[in-house]
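Whatever order the structure lists them in is the order used to number ligands and atoms, beginning at 1.
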Amino acid sequence: MSLPPVDIAPYADRRRRLSEQLRAAGGGIAILATAPHAVRNRDTEYPYRHDSDFFYLTGFTEPEAWLVLVAGASDRAILFCRAKHPEQEIWEGYRCGPEAALERYGFDEAHAIDELDDMLPALLLDQPALYRSFAAGGHVERRLRRWQAEAEQQGRGRRRPPARVQDLRPLLADMRLVKDAGEIAAMRQAARISAGAHARAMRAARPGMHEYELEAELLYEFRRHGAQAPAYPSIVATGANACVLHYAAGDAVLRDGELVLIDAGCEYDSYAADITRTFPANGRFNGPQRALYDLVAAAQEAAVQATAPGRSWNDAHEAAIRVLAQGMLDEGLLQGSLDGVLESGAYTRFYMHHTGHWLGLDVHDVGDYRGGESAPGAERPWRALAPGMVLTIEPGIYVREADDVPRRFWDIGIRIEDDALVTAEGCELMTRGVPVQAREIEALMRE
Ligand code: GLY
Ligand code: MN
Ligand code: MN
């Protein structure tokens with residue numbers, strides 16, 4: 001059963017802010033569908049997850065729902081949702097229905113989803129612009145085209161549907177980039193639960209266990225604290241598996257002397273956490289593991305220091321790669337000079353991903369990493385960080401077996417990932433409920 005959010009004011013406020021933007025651009029109509037059900041196999045569906053943009057503007061989590069915003073002389077927010085259906089609710093559970101939705105969610109109008117096709121063509125008439133997601137699926141495309149065609153007919157040449165069609169996503173992405181107090185509270189809770197799950201997995205880990213047993217510890221901890229789901233498939237990777245960036249928890253056995261990399265986070269009230277920790281299966285780092293581990297921890301610390309309001313998006317990444325590249329030279333993984341390996345990109349052999357991404361309703365959250373105007377012929381500059389933005393800081397190092405690589409480093413994959421909220425002074429790491437320093441991890445694992 002999906003209940004309305006305790007406080008609907010933030011959702012109404014977002015709709016109002018979006019409408020203001022549409023009005024400032026000449027007015028128009030915005031149409032947004034939530035996510036469709038996805039079939040897993042035959043008549044079994046994947047667990048349902050609403051569309052993040054749709055949720056951001058409505059707080060409404062039921063499937064088969066559409067939001068229509070009319071921004072003009074007066075704003076209208078109209079919800080279409082499943083009608084009440086007592087017999088079907090016996091099988092599938094509670095449905096809010098339009099009458100209750102109108103009252104509980106603060107829309108101006110709410111109608112049964114069956115009325116959508118009848119009502120939409122008329123709503124399109126005389127609107128100067130149509131805003132919709134350019135990434136919506138075929139089912140949305142087809143309906144929009146049909147409504148446009150029907151509106152043409154209904155208008156009989158005197159009234160017209162919008163001539164201008166624009167993507168709604170960039171407007172919402174900019175809004176979603178800066179989190180409000182309610183969003184931050186949900187993200188802190190997702191972070192807290194996820195950190196607890198990582199600590200639990202570290203305590204449970206022993207040589208001889210399977211990766212999936214550690215995954216089970218994570219899932220247990222997520223769910224027992226009320227997280228609705230993992231925010232993404234958990235990575236639990238022992239030994240060489242840690243060098244496969246998107247490895248899913250499998251059935252490999254943790255061996256004495258190996259490192260285990262876990263990248264897992266829960267979704268709490270629709271908001272994601274994203275944490276990675278790397279620890280020794282037997283509770284003690286060996287020398288080469290510890291050398292590379294401390295290197296990644298130092299790179300992360302440099303990136304944390306570069307995460308503050310006014311700093312450019314890419315400063316943290318640049319700080320991290322400087323530390324990592326120098327460490328790779330010091331440890332004999334690379335040869336040459338620091339400037340040389342930074343310039344040539346030689347370090348990407350062992351560190352091939354970026355140091356972070358936006359985090360929010362989606363684990364790789366929306367939002368342009370660049371902003372502002374560019375000089376002619378140049379790329380747009382990186383966006384400047386501002387309070388309320390949330391991003392991950394996740395440097396790593398991945399060393400595969402190779403003749404030109406010192407044997408002591410073979411099959412070591414390490415990543416350390418925390419979730420940072422940009423504050424007025426710098427950043428707050430929301431995920432430090434699980435330790436990062438090697439000595440603290442060893443102490444936790446001895447408990
Ligand atoms: N868990 C996905 C990522 O770290 O980006
Ligand atoms: Mn991440
Ligand atoms: Mn991650």
Report summary line: In H357, the N/O/S atom nearest the Mn ion (ligand 2) carries the name NE2

Query raised in the report: For ligand 1, which atoms sit closer than 4.0 Å to a heavy atom of D263?
Result: 1 (N), 2 (C), 3 (C), 4 (O)

Report summary line: Those residues at least two apart in sequence (or on a different chain) that pass ring pair (Phe, Tyr, Trp, His ring centres under 6.0 Å) with Y347 are none

Requested in this report: Specify the protein heavy atom at minimum distance from atom 3 (C) of ligand 1: its residue, its atom name, and the distance to 0.1 Å.
Outcome: D274 OD2, 3.3 Å

Query raised in the report: What's the atom name of the N, O or S in E417 nearest to the Mn ion (ligand 2)?
Result: OE2

Query - Short side-chain donor-acceptor distance under 3.5 Å, D294 and Q437 - result: no

Requested in this report: Would you please determine whether V363 falls within less than 4.0 Å of ligand 1 on a heavy-atom basis?
Outcome: no

Query raised in the report: Hey, what's the ring geometry for Y105 with F107, parallel, tilted or perpendicular (30° and 60° as the breaks)?
Result: parallel

Requested in this report: Could you tell me whether R95 and E62 make a salt bridge, using a distance below 4.0 angstrom between a side-chain N and a carboxylate O?
Outcome: no

Query - Any side-chain donor near an acceptor of the partner, Y56 and D51, under 3.5 Å - result: no

Query raised in the report: Evaluating non-hydrogen atoms only, which member of R415, H364, H246, H354 is closest to atom 5 (O) of ligand 1?
Result: H364

Requested in this report: Specify whether an N/O/S atom of E394 falls short of 2.8 Å from the Mn ion (ligand 3).
Outcome: no

**Report entry** Metal check, the Mn ion (ligand 2) vs D274 N/O/S, cut-off below 2.8 Å
**Finding:** yes

Query raised in the report: Does an N or O from E417, backbone or side chain, lie closer than 3.5 Å to an N or O of ligand 1?
Result: yes

Report task. Evaluate side-chain hydrogen bond (donor to acceptor under 3.5 Å, both in side chains) for Q189 paired with D269, printing each intermediate quantity in order. Result -> CA-CA 9 Å; Q189 182 66 352; D269 285 357; over 6 Å; no

Query - N286 side, atom CG; Y293 side, atom OH - distance, nearest 0.5 Å - result: 14.0 Å

